[in-house]
Structure formats: C-alpha cells, structure tokens
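Working notes for the structure below.
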2 protein chains.
Amino acid sequence: MKKRKVSIEDIARRAGVSHSTVSRALRDNSLISPKVREEIQKIAREMNYVPNAIAQSLQTQRTNTVGVVVTSIADPFYAEVVEGIEQVARTAGLSVFLTASHRDFEQEIAAIDNFHRRRVDGILVTDSRINKKNTNKIGEIAVPTVLINSQTEDQPETFHTVTVDDFLGGRLAVEHLIELGHRAIGYLGVGDRSQSNYLRLEGYRTALREAGLPENSDWVAISDEENTRINDVDTGKKMLPKLLTTGVTGIFCYNDMVAVGALLACQELNILIPQNLSLVGFDDIALCRYVTPSLTTVCQPKLEIGRSAMQMLLDLLEEKSVENLVLSPFVVKRNSTTAFEQQSAGAEGHSREFLTANSVLIMPDGQCPIPPTQCPMPNVQCPFSIT
Amino acid sequence: MKKRKVSIEDIARRAGVSHSTVSRALRDNSLISPKVREEIQKIAREMNYVPNAIAQSLQTQRTNTVGVVVTSIADPFYAEVVEGIEQVARTAGLSVFLTASHRDFEQEIAAIDNFHRRRVDGILVTDSRINKKNTNKIGEIAVPTVLINSQTEDQPETFHTVTVDDFLGGRLAVEHLIELGHRAIGYLGVGDRSQSNYLRLEGYRTALREAGLPENSDWVAISDEENTRINDVDTGKKMLPKLLTTGVTGIFCYNDMVAVGALLACQELNILIPQNLSLVGFDDIALCRYVTPSLTTVCQPKLEIGRSAMQMLLDLLEEKSVENLVLSPFVVKRNSTTAFEQQSAGAEGHSREFLTANSVLIMPDGQCPIPPTQCPMPNVQCPFSIT
DNA sequence: GTGAAAGCGCTAACAT
DNA sequence: ATGTTAGCGCTTTCAC
C-alpha cells in the first residue's frame, strides 16, 4: 500500500533512455521519433505510471487549480453557481478547491490565504466581504481573482467582478406587484449589512417612488441578527407577523428562503397566499417550484453567473483584458402573487380577521372554522393547518 | 502582477542566514535560538512571504488535500454530506477538491484518476459505481479511499465504506405506513440499477411479508430511464399516475425528490395528501419541511455521514485500523402520512372520483367544482389548482 | 532526436 | 544552534 509510485526515471531505466526523453514522449513533445514514443507510452501504461502533478506544478509554476470560496457548501443558490463554475473549469482542465466562508470576513481571508499558499491559478469568491481598507491583509494580489456578487461597497479595483443587478431586481419585483394593483407593499430583509440587501431595498424604494406610491417605514422589516444569518427561512418566519399588522397586501422578500419562511408563517396563521397576501422572492432556487403555492421570484441566472465568472478567470489567465460583468435578473411569475382586486375581492368579509390572525386568531388551535359535518368539500385538502 | 513570489532564500539573504535556518524558524522547528526565530518571522511578514505548498508537498510527499467525488454539486443531499466532510477536513488542515461524477462510471474514474495525479492524501467517493471487475482501471489503490453509500454490490475490499442501511430504511418507511393501518402500499423507485434502489425495495418487500400483507407487482413502479436520472422530481411526477390506478393508499418513494414529484402530481390531479394518499420519502433533505404538506421521510444523518467518512480517512492516514461503518436511518414523521382509517373516512363519498382523477377528471381544467358564489369558504385557499 | 544538467521551493539528514 | 548538501519528480534549456 505504501509502495512508491513509479516515476519517469523508472520508465527511463526500463526503456533504456534518459528521463527527459520519457518526459517528452509522454507529452507528445515536438519531434520524438514516433516509434520510441509509442514504446515509452506503452511501458508507462504497463507500469501504471501516474504523472505527479505536484512536481509538474513546481516546475511549470502552474497548478491548474482554482479556489472557490462559497458562503456555505449546502447553500442551494451558490451550489448552482458552483455547478456552472465546475462545468467550465473541467473543460479547461482545471480542478476546483472548495471552501466555505460562512459569510465571515476572517474565514474568507483565511480561505483566500490558503489558496495563495497552494498556488492556485485563480480565485473565485462569492459574497465577498473584502473592501479596500482590508485588502492588504491578503498580501499582494498575486493571483487573478474574480468576485461573484461582492457584498462590499468599495471592492478594490484590482479584483474583477461578476454581479447580478440587485437594484434592478428589487425594482422588478416591486413593479410586478404594482402592476398587479398593489399599493401597500412591504419589504422583508436581512440585517447582515450586506450590499445586496441594501440595493434590493433601494430598488424597492425607487419602484414605489416612481409609481407615485406611498412609502411607509413600517412596511420595511429588517431582521436584526447582525452577522449570523443562520437560517433565512426562520428569519422570514419570525419577521412576517410584524409586516402583517401594517396592512400591506404584497411583500417583496430579500430572497427565496426568506419568502418560504414567510409562506410557512402564513400557513400557520391561516393567511392565504396569494388570496390574502402576495409574496415575491429572489434568486429562483429550485425550491420555488416545490412549495405551495409556487413562488413568484426574481431569477438570478445562477449557472451563467458561475460560467461567466470562470470564463473571466480563464481569460485573465491568458492575459486577455476583461470587463466586469453585470447580469440582469428577471421576474418569474408563479402562484404566490395575484392581482390586488382579485385578492381583495376574495378577502372581503372575514379576510381582515385572517390577516390579523397573529393577534386575533379566529381558530387558535388551527382547526377549520367549519364543522366537519357541514363541510361541503370533504374530499379536498382543508387549507387550515391541522397538524 | 507577475512578480515572482518571495522564497525562503530571499528571506535568508535578507536575514544573513542560510535558507534552512529560515525553513526551521518559520515552522518553529526544534531549538532555534528564539531571538533569530522572531527576527526571521518578522522579516518574513514584512516581505509578505507566502509559503509554497507545492514545494512543501513535493518534499514531504503530503499534499494535505482530499478529493471528493459527488454525484452533482447542486445535489441537496450530498451538499450536506460534503458540508460535514469539509468541517472535519478543515479542522485537520486539509483542503478539499470537489468533482462531480453525475452518476457516470467513466466520469467517476476520471475524477479519481485526476485525484491520483494530484497526489491527494485521501479520496472520498459518493454513490460509487466501482466494483471488483473494474477496480484495476484506476491503477493500484495507492491512496486511502472511502466510499460513501456505494452503489455496487461487490465493492473491492481494499476500499473502506460508510453506508446508510437502505434495507432498514425501506423497512422502517413501510412499517410506518403499516402501523398507520395501510394495507395496500406501493413503491415508487428509480431505474438506474443502483444498489440503494434495490435495497430499499427489498426493505419494502420484507416489511410487507413480515406483516403478512399482500404483495402486488402492480404496486411497484420503477422508472425506466436507465442511467440518466436527470431530475428525480420529474420522475416522481411522471410515475405517480401508474401507481394511483392500482388502489394503493400509501406510497414509499425512493427519495424525497421523487416524493415531491409525486406530491406535485397529486396537486395537479386534485388528490389530497395525506387525506387521499400517504407519502413517505427518503433522505430528509431540507425541502421536506418546506413543501405542503411537509414530507414524512426516512432520515439519513447527512452531516454525520460526511464527518464519519472524513474521520475514517483521517484515521487511515494515521495508519490506524478502521472498521466499515453502517449508519442507521430513522423515520421522521411529518404531515404527508396519516392513519388509513382517518384517510378512508375522509375519502368516503366522492373520494374515488378524485383518486382516479388522472383518468376520470371531474374538473378537467382544474377549477373548483363548487360555484364561487356558493363557496362557503371564500377566504381560504382553494385547494383546486387554479393556475 | 536524444542526453546532460540545471532548477522549481522546499525539507531533512548530516555535518559542524 | 546553524550551515551544507542532497533530493522530492518533473520540465526545459543547451549541447551533441
């Protein structure tokens, strides 16, 4: 098991040539007499030769690796981005190192530093927290680095970037609700001081302003967990009630996970989506299609983000000049949003009672208000959460 | 930008010592006079020295890296497993290479071969397709390798394994349904000839047999897409109708994604879960808690799988002897399963019409059969899919 | 076309 | 306690 791997010298000895000849033969270098080349390759195969990439790298100063920093490996959003990264990395013959930052600045720096020691050819960082002040902490910018959806205001211009336009995304989300006739629209965000939360909120505000709609500070709820966004679903769940009492008829959520949290909270409160409330998410992760109702959201082109960023890195490695990329998000309409008129029509009568359910629960135990024997629809799933 | 990195020789020159002294000082080696050590470390810091891990590896024959092969980077199940892997890898100072196999044997081999060239210290393979016959294709088993949930019957005994007991999982799932009073239970599986599908099916059969319940070949539906499981959700969606017509009252699905597909199919067919049909998944991915109704499932301890496998690899690297590990899955009861009595009670009357909805749709366009003006519950979400 | 020799940046005997 | 020397396994001039 601990047997030493065979090296080109071993092959050379066996073939009766010098190791440099073997080196050339193995890589189809220039004009080696074709027959010795064949011979050497055959011997190599017989000896189960596996080239030592470490030794190659030391010599060529190229590792054919890229380092990727993600927020969390199990983050469904970045998982898809990484999928895109790996696709083009693989076709270019590059392997990828994956490390999680958990949105922590120190961990991000540590990961990048580690990549530097390992002499990766390039680095991709998602959700970066690096700004100009702390750039020097990671030494010289020795390695081509591209930032994906960077979260700082002033990223050093030595880095390149691929970004989705959060501001536009926020506007599109809110414009969608406005088109549906909503006039009281809320924003449910996360409090980790990230740039994307700020920009989506700005998009929200701008859309309201441009439509001549009122703004109300009560309509904006930002969770106060500063740095640790453990679980966006829980955040959404916890924050929803605050917004409900303000009378909003539609809510734009920071992302899909937050929106799903809001959705689940509504189910518990017997508030119907979209009949009583319209919900818009952000990201368009797979989950959107699986919840009930399916989630209207602002789609980020995740695979494309990953592919473009990796392609940009490849260009950088070839010393091509590259331009920062800003991709446009777009709305994917599903079933969590509906026209306000329809919504209000359906919500006439008892609706207010449901809407304020968190404080005035009609059925505290979540039971259906209609006696089973009187239910005219015994065969359909009762929308009241009977757990 | 292309400036050559500083090496220990550069530091040595500046400090007026030999490069080996620097080497020792930088790694707190044995008894270097503390003051020159401090001095050297200071200089190194000033010069922004970044150790070259490649050169270190060439010398020490240790790369401090592990290679991980996953089915797909965006697979929510293995994402969590990898999360566990990375956690313990990081604390051990190891970096992880991540590559996708897409459940393809050739790609798996290619990934492992690549890891061999890169001289990773250990390899972790999920969903492996390697068996004894083709082992030799990857040369000597030079590197400690542990297989996670291997999918072949006869894995070479030179590999170590961490596995979740699929057979037990299948039994538990079906026993859960039996305890709820179900007697006609189906299995919805995937046709990629994987060992886990086979074992879960065997567990299903055994549970039925042990309970003295009837078995019916019509109750078992396996998708016929041989190798390419593009999307398990679509598989579930597509296969569900076949099972429905057989009169089963509960279905055990190969995994959660398949179950979610089944769930969505039921929504379209106006079949209520769990009132008309109970559904059990497998894996317990996060999604289970977000769909409506939430999904009863057989939980695989994903983080623990990852952590144990990585720990096993660590032990192997220290030449400790290790034992293959079989972890036990367990049922997590949620809202997609319910007692058959209750189910049938609720399904009395018109239920059959809904149950066979795929062939005898009462409302072909998915509209609620009750005229809006007569609906006694205008404020609740209509369970009929009005899209 | 092929061999000899240097060197990539480091660690680890072996001297001193 | 520190310097000298020899590799780790490869690529790449530079001769021939």
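Throughout, protein chains are lettered first and strands after them, A, B, ... in sequence-line order, and every chain is numbered starting at 1.
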Given atom [atom1] of [X] and atom [atom2] of [N], what is their separation to the nearest angstrom?
X       : N       : atom1 : atom2 : result
I54(B)  : dC10(C) : CD1   : C1'   : 11 Å
N52(A)  : dG9(D)  : CG    : C1'   : 6 Å
E39(A)  : dG1(C)  : CD    : P     : 18 Å
R13(A)  : dA4(C)  : CZ    : P     : 13 Å
I32(A)  : dT11(D) : CD1   : P     : 12 Å
I8(A)   : dT2(C)  : CD1   : C1'   : 14 Å
Q56(A)  : dT11(D) : CD    : P     : 5 Å
R119(A) : dC10(C) : CZ    : C1'   : 11 Å

Does any N or O donor sit under 3.5 Å from an N or O acceptor when you compare the side chain of [X] with the base of [N]?
X      : N       : result
R24(A) : dG3(C)  : yes
H19(B) : dT11(C) : yes
S20(B) : dT4(D)  : yes

**Prompt:** Does the pair D113(A)/R118(A) count as a salt bridge with the N-to-O cut at 4.0 Å?
**Reply:** no
**Item:** Ion pair check, R14(B) and D10(B), cut-off under 4.0 Å
**Value:** no
Counting only side-chain nitrogens and oxygens, does [X] get under 4.0 Å of the OP1 or OP2 atom of [N]?
X      : N       : result
Q61(B) : dT11(C) : no
Y49(A) : dC10(D) : yes
T60(A) : dT11(D) : no

**Request:** For Q151(B) and S128(B), test the side chains for any donor-to-acceptor distance below 3.5 angstrom and give the result as yes or no.
**Result:** no
**Asked** With no hydrogens and no angle check, is any side-chain donor or acceptor of T161(B) less than 3.5 Å from a backbone partner on T163(B)?
**Response** no
**Main-chain N/O of I148(B) paired to S150(B) side chain as donor or acceptor, under 3.5 Å** = no
Nearest to side-chain heavy atoms of [X], which nucleotide of [options]:
X      : options                  : result
S18(B) : dC8(D), dG3(D), dT11(D)  : dG3(D)
T21(A) : dT2(D), dC10(C), dG3(C)  : dG3(C)
R27(A) : dC10(C), dG3(D), dT11(D) : dT11(D)

**Prompt:** Which is true for S7(A) with a 4.0 Å heavy-atom rule: it touches a base, it touches only sugar-phosphate, or it touches nothing?
**Reply:** sugar-phosphate
**Message:** Applying a 4.0 Å non-hydrogen cut-off, can you work out what S33(A) is touching in the nucleic acid: base, sugar-phosphate, or nothing?
**Reply:** sugar-phosphate
**Complete:** By nearest-nucleotide position on DNA chain D, the 5'-leaning member of V22(B) and V50(A) is V22(B)
